[in-house]
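Single-structure report; data block below.
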Amino acid sequence: MSPSEPPPPETHRVGLGYDSHRFVPGGPLRLGGVDVPHDRSLAGHSDGDAVAHAITDAVLGAACAGDIGSMFPDDDPINRGRDSLEMLRLAVDEVRMRGWRVGNVDVTVITEAPRIGPHRDAMRAALAHALYVGAEHISIKGKSNEGMGSIGSGEGLACLAVVSLARVAGG
Ligand code: MG
């Protein structure tokens, strides 16, 4: 390719998302769009779903479309107690308008409890609907923090998400 040639069209993007929330007494625990039976839930302005929030930030980040806080300000009353899957879907709609679709999603939930494995497939199904992809494009993994630090002592949990976007043909 000579310096005067235009660069080839961009076909893929990658985004990273992170979120953490503090536990408060009383369940169920809303995570990945699923109400997981648990004796604690996550504090938050919305429903506290850290998995959905981390994926939302990864989706927006991949498209350089801002972040969850700029799209859904926490001083806006409409976002109080809001369904985080609805926010995720709106973020995906935003990047679709910019000519991208979600390729795959890989998530790690870092928490001592509850165990994520038994709820993985329900989360993948719930998230698939919001992301407009099949569940086979969504990976959810649970990790303990080996008892270390604030997550290890059960103060809260954290979540990491990576999302790939693919350019929509003609987009
Ligand atoms: Mg959050």
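Read the numbers this way: they start at 1 and go in the same order the structure lists the ligands and their atoms. Predicted model, so just to flag it, every value in this text is computed and none were measured.
- If you take NZ on Lys141 and SG on Cys159, they are separated by 9.5 Å, rounding to the nearest 0.5 Å.
- Of all non-hydrogen atoms in Arg82 and Phe72, the two that sit nearest each other are NH1-CD2, 3.7 Å.
- For the salt bridge (charged side-chain N to carboxylate O under 4.0 Å, His left out) condition, no pair includes a residue of residues 130-139, sequence neighbours left out.
- Around NE2 of His129, the count of heavy atoms belonging to other residues, nucleotides or ligands within 6.0 Å does not exceed 12.
- Counting only distances under 2.8 Å, and ignoring water, the protein N, O or S atoms around the Mg ion (ligand 1) are Asp19 OD2, His21 NE2, His53 ND1.
- At a cut-off of 3.5 Å, with distance as the only test, no side-chain donor of Arg96 or Tyr132 sits close to an acceptor on the other residue.
- The only member of Arg30, His53, Arg80 that meets side-chain contact (heavy atoms from CB on, under 4.5 Å) when paired with Ser46 is His53.
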